[in-house]
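One structure is given here, and the rest of the page talks about it.
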Amino acid sequence: MTRTHDCSQLRDTDIGEEVVLMGWVQYRRDHGGVIFVDLRDQRDITQVVFNPEVSTQVHEKAQAIRNEYVIGIRGKVTARPADMLNPKMSTGAIEVLAEELRIFSEAKTPAFQIEERIEASESIRLKYRHLDLRRPKLKQNILSRHKASMAARQYLDSNGFTDIETPFLTKSTPEGARDYLVPSRVNQGDFYALPQSPQLFKQLLMISGFDRYYQIVRCFRDEDLRADRQPEFTQIDMELSFVNEQQVMEVAEGLIVRIFKDVLDIDLVTPFKQLTYDEAIDRFGLDRPDLRFGLELCNISDIVKDAGFKVFADVVKKGGLVKAINAKGCATFTRKQIDELTDFAAVYKAKGLAWIKVKEDGDWQSPIAKFFTDEEKDNMRQALDMAPGDIVFFVADQPRITNEALGQLRNELARRLELIDDNRYEFTWVTEFPMFEYDDIEKRYQALHHPFTAPMESDIDKLESDPLEAKSRAYDLVLNGIEIGGGSIRIHSTDLQQKVFTCLGIGDEEARDKFGFLLEALESGTPPHGGIAFGFDRLVMLLCQEDSIRNVIAFPKTQKATCMLTDAPSEATTEQLQELAIRIAKPAAATDSPE
RNA sequence: GGGGGUGUAGUUCAGUUUGGUUAGAACGCUUGCCUGUCACGCAAGAGGCCGCGAGUUCGAGUCUCGUCACUCCCGCCA
């Protein structure tokens, strides 16, 4: 028996033809006489009919069929009776009258039904991933992912990029995320690290003279998971020589345009918007603004710096920020809703959420209204465009907290007020990031992007004089409030690289030890270069309108980084550990021996 | 590491507020009937460690404490 067609192909033009179809049984409908089977394969569903008038033997055999059995049938394509067409099926004009049946494989009753409309909990779906992948949504997501991947490869190939693989077993780096370690048997006691990204290798490739590199590559970070974070994830990674920021962004935009065209048939308009980091923070509070709605933040620090309301005035005096959002027409918010929003802001460390409702007569209803002079009120009214029916929310705190809390509140308000159009795609670049931020816990500067990002030329002097003011040549691409990619122009001189290491508190010795190979390579003739990496899973998630990257990864991990299908990770055998010279020393609390 | 949510039949859930005697529904499953269904229909039936462990109580799915799993978020992570 040889398959002649798949379950998506047959139409009324095929009537009379003898065909062989193979697939899974979606439904069996036994009418006592005639039996209908909806036969499903990857591509679609075709109805098969077992009629005792055609063959009593085959009909009898078909009675044993159950859902998810894998069968093959040979038969004639026939027209359905005129009033029995099924317009819901692409193959609904025909059916195949079975003359021969093979049951390739029986199937246990599945843990959940292979149907879109049937809900199943995430843990069940993960445990039986092979079944979930049979269902339309997940299957479509995986196919979209493939389309996106093919679009990227074709675009990059036709733009002169070379796909070059880089090692997975590589060297641990001190900056950035926690590494996944792999013990070395040949070199007992030593460990490889799985790459957090191929960053250094792609820079080395530029130094090698491959002037346009790309890779769709797995990356590994041993950090806690989120809906949009898995321990292993995929990047579209690229690097170019002899380019500046604008050139990288242009190529990257072309890539995104191509992917949206091929996957969704959407024509995006380029160039994308560009915001500086400072402007993004000022207007939206976050470095990944969602531009699908307004509700911009307003800095009223100057207006309230001398106000009788000490909470505001003191914050400004200590170098903090007072900012506000006007939720137009939302003065109807109840006390309960305001409390919920206050709790929401508290998650981001805001100590409070002040508010002012503007009543219909223009008067303010607010616990804090009495603290302001008429002039301050007028200024606020003007700055915030306050009209009857509005409610304004305020956060006063250190700049970071004010911006983060109010920026997140902005997103939350938009969700609650349903201001977000799910079918819109608002891209923006965010540029001119700071080089460093200060880590209060480790008492040192940390690279906002990574240690190989070049500073803006005009800011090189600030590396020593005022590191926090130095801006970098980094850029992020943000789509609907989600960072989907980021990159930078890199440092291509040893001197500058060493200066940046110094800022980061990486001494000469440590630099030689950890990055010696890079410093060595930089001295061997390095082209100016830069690149970008896209979070492929996140991108596909957005293309598929999913809210978790687990739904676009064939075999994802749980929030505790386990695989419910294979039960990984699991213990190693004593022999394995001996070969690696590893002894397990779990904390005493983990043993369950009685006291 | 911290906070929230969920956990009851194969699956999705109700029941938990206010403890009470036999834990329900839908879908699925099994069997029988049915020659035009397409989420077929009709009839009958099977199916429960109420996540796990302690405790309170005459009595716990329900209350308390602990614990485990899944999930969302903060921290962490670009």
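Naming convention: chains lettered A, B, ... in sequence-line order (proteins, then strands); numbering from 1 in each chain.
Across the P atoms, B/G53 and B/C42 are found 41 Å apart, a figure rounded to whole Å. Nucleotides B/C29 and B/G47 place their C1' atoms 9 Å apart, quoted to the nearest Å. Taking atom C1' in both B/A23 and B/A69, the straight-line distance is 24 Å, to the nearest Å. For the C1' atoms, the distance from B/U11 to B/U57 is 35 Å, rounded to whole Å. Look at the P atom in both B/C63 and B/G1: the space between them is 28 Å, to the nearest Å. When the P atom is compared between B/G19 and B/C72, the two are found 35 Å apart, to the nearest whole Å. With both ends at atom P, the span from B/G24 to B/U16 equals 15 Å, rounded to whole Å. B/G66 and B/G3: their P atoms are spaced 11 Å apart (whole Å).
Neither side chain, A/Thr431 nor A/Glu245, offers a donor N or O lying under 3.5 Å from an acceptor on the other.
For A/Gln196, a side-chain nitrogen or oxygen approaches OP1 or OP2 of B/A78 to under 4.0 Å. Listed pair A/Arg40 / B/C38 fails the phosphate criterion, with no side-chain N or O lying under 4.0 Å from OP1 or OP2. For the OP1/OP2 pair of B/U37 and a distance below 4.0 Å, the side-chain nitrogens and oxygens of A/Arg29 include no atom meeting the criterion.
Set against B/G10, B/U35, B/U12, the side chain of A/Glu119 has B/U12 as its closest nucleotide. With B/U35, B/G36, B/C76 as the candidates, the nucleotide lying closest to the side chain of A/Arg229 is B/C76.
Donor-acceptor pairing under 3.5 Å, judged by distance alone, is absent between the side chain of A/Arg221 and the base of B/C77. Judged by distance alone, with hydrogens and angles left aside, A/Gln47 brings a side-chain donor or acceptor within reach of the base of B/U37, the pair sitting under 3.5 Å. For A/Asp224 against B/G75, a side-chain N or O and a base N or O form a donor-acceptor pair under 3.5 Å. The base of B/C38 lies close enough to the side chain of A/Arg80 for a donor and an acceptor atom to sit less than 3.5 Å apart.
Where A/Leu97 and A/His449 meet RNA chain B, the nucleotide closest to each residue was compared, and A/Leu97 sits on the side nearer the 5' end. Mapped onto RNA chain B by nearest heavy atom, A/Gly33 and A/Asp30 fall at different nucleotides, with A/Gly33 at the one closer to the 5' end.
Using a 4.0 Å cut-off on heavy atoms, the residues of residues 88-96 of chain A that approach RNA chain B are A/Lys88, A/Met89, A/Glu95, listed by number.
A straight line from CD1 of A/Ile65 to P of B/U30 spans 13 Å, rounded to a whole angstrom. Rounded to whole Å, the distance from CZ on A/Arg226 to P on B/C77 is 11 Å. Remark: P of B/U6 and CZ of A/Arg125 are 20 Å apart, rounded to the nearest angstrom. Nucleotide B/G4 holds its C1' atom 14 Å from the CD atom of A/Glu412, rounded to whole Å. Regarding A/Ile35, its CD1 atom lies at a distance of 15 Å from the C1' atom of B/G41, rounded to whole Å. Per the geometry, CD belonging to A/Gln113 stands 10 Å off P belonging to B/C27, to the nearest Å. Between the P atom of B/A78 and the CZ atom of A/Phe233 lies a distance of 9 Å, rounded to the nearest Å. Straight-line distance from the CG atom of A/Asn67 to the C1' atom of B/G10: 13 Å, rounded to whole Å.
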Would you tabulate the nitrogen or oxygen pairs shorter than 3.5 Å linking the protein to nucleotides 69-71 of chain B?
{"unit_1": "B/A69", "atom_1": "OP1", "unit_2": "A/Lys560", "atom_2": "NZ", "d": "3.1"}
{"unit_1": "B/C70", "atom_1": "OP1", "unit_2": "A/Thr558", "atom_2": "OG1", "d": "3.2"}
{"unit_1": "B/C70", "atom_1": "OP1", "unit_2": "A/Thr562", "atom_2": "OG1", "d": "3.3"}
{"unit_1": "B/U71", "atom_1": "OP2", "unit_2": "A/Gln559", "atom_2": "N", "d": "2.6"}
{"unit_1": "B/U71", "atom_1": "O3'", "unit_2": "A/Arg550", "atom_2": "NH2", "d": "3.2"}

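Counting any heavy atom pair closer than 4.0 Å across all strands shown, A/Asp83 reaches no nucleic acid atom. Residue-level contact check: A/Asp287 touches the bases, meaning some heavy atom is under 4.0 Å from a base atom. Among the atoms of the strands shown, none is found under 4.0 Å from any heavy atom of A/Gly535. Counting non-hydrogen atoms under 4.0 angstrom, A/Ile124 reaches the backbone sugars and phosphates but no base. Across all strands shown, A/Ser121 has heavy atoms under 4.0 Å from sugar-phosphate atoms exclusively, and none from any base. Within the nucleic acid shown, A/Tyr27 comes within 4.0 Å of sugar-phosphate atoms alone, with no base atom in reach, counting heavy atoms only. Counting non-hydrogen atoms under 4.0 angstrom, A/Glu53 reaches a base of the nucleic acid. A/Arg66 comes within 4.0 angstrom of the backbone, heavy atoms only, and of no base.
Look at A/Asp339 and A/Lys336 and you find no salt bridge, because none of the NZ, NE, NH1 or NH2 atoms lies under 4.0 Å from a carboxylate O. With respect to A/Asp397 and A/Lys351, a salt bridge is recorded, a charged nitrogen being found less than 4.0 Å from a carboxylate O. Between A/Asp537 and A/Arg145, at least one side-chain nitrogen of the basic residue sits less than 4.0 Å from a carboxylate oxygen of the acidic one, meeting the salt-bridge criterion. With respect to A/Glu483 and A/Arg288, no salt bridge is recorded, no charged nitrogen being found less than 4.0 Å from a carboxylate O. Salt bridge annotation for A/Asp132-A/Arg129: present, with a cationic side-chain nitrogen under 4.0 angstrom from a carboxylate oxygen.
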Practice item. For side chain to side chain contact (heavy atoms under 4.5 Å, CB included), just list the numbers for A/His5 and A/Leu21, CA-CA rounded to whole Å, side-chain angles, deciding distance to a tenth of an Å, and then say yes or no. Key: CA-CA 6 Å; A/His5 296 78; A/Leu21 298 181; 3.8 Å; yes

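Pairing of B/G19, defined by two Watson-Crick or G-U wobble distances under 3.5 Å, is not identified with any nucleotide. Look at B/G36: it lacks any Watson-Crick or wobble partner with both distances under 3.5 angstrom. Under the Watson-Crick and G-U wobble criteria, each requiring two contacts below 3.5 Å, nucleotide B/G53 is paired to B/C65. Applying the Watson-Crick and G-U wobble criteria (two distances, each under 3.5 Å), B/C27 pairs with B/G10.
Exactly one of A/Arg28, A/Arg135, A/Arg134, A/Lys108 qualifies for a salt bridge (Lys or Arg N to Asp or Glu O under 4.0 Å) with A/Glu68. That residue is A/Arg134.
Counting heavy atoms of neighbouring residues, nucleotides and ligands inside a 6.0 Å radius, atom CD of A/Glu60 does not exceed 12 of them. Within 6.0 Å of NZ in A/Lys61 there are more than 12 heavy atoms belonging to other residues, nucleotides or ligands.
Residues A/Phe201 and A/Tyr213 keep their aromatic ring centres 6.0 Å or farther apart.
With sequence neighbours excluded, the residues satisfying side chain to side chain contact (heavy atoms under 4.5 Å, CB included) with A/Ile281 are A/Tyr277, A/Asp287, A/Asn403.
The aromatic rings of A/Phe112 and A/Tyr128 sit perpendicular, their planes meeting at an angle over 60°, well past the 30° parallel limit.
Centre separation under 5.5 Å together with a plane angle under 30° holds for the ring of A/Phe36 and the six-membered base ring of B/U37, marking them as stacked.
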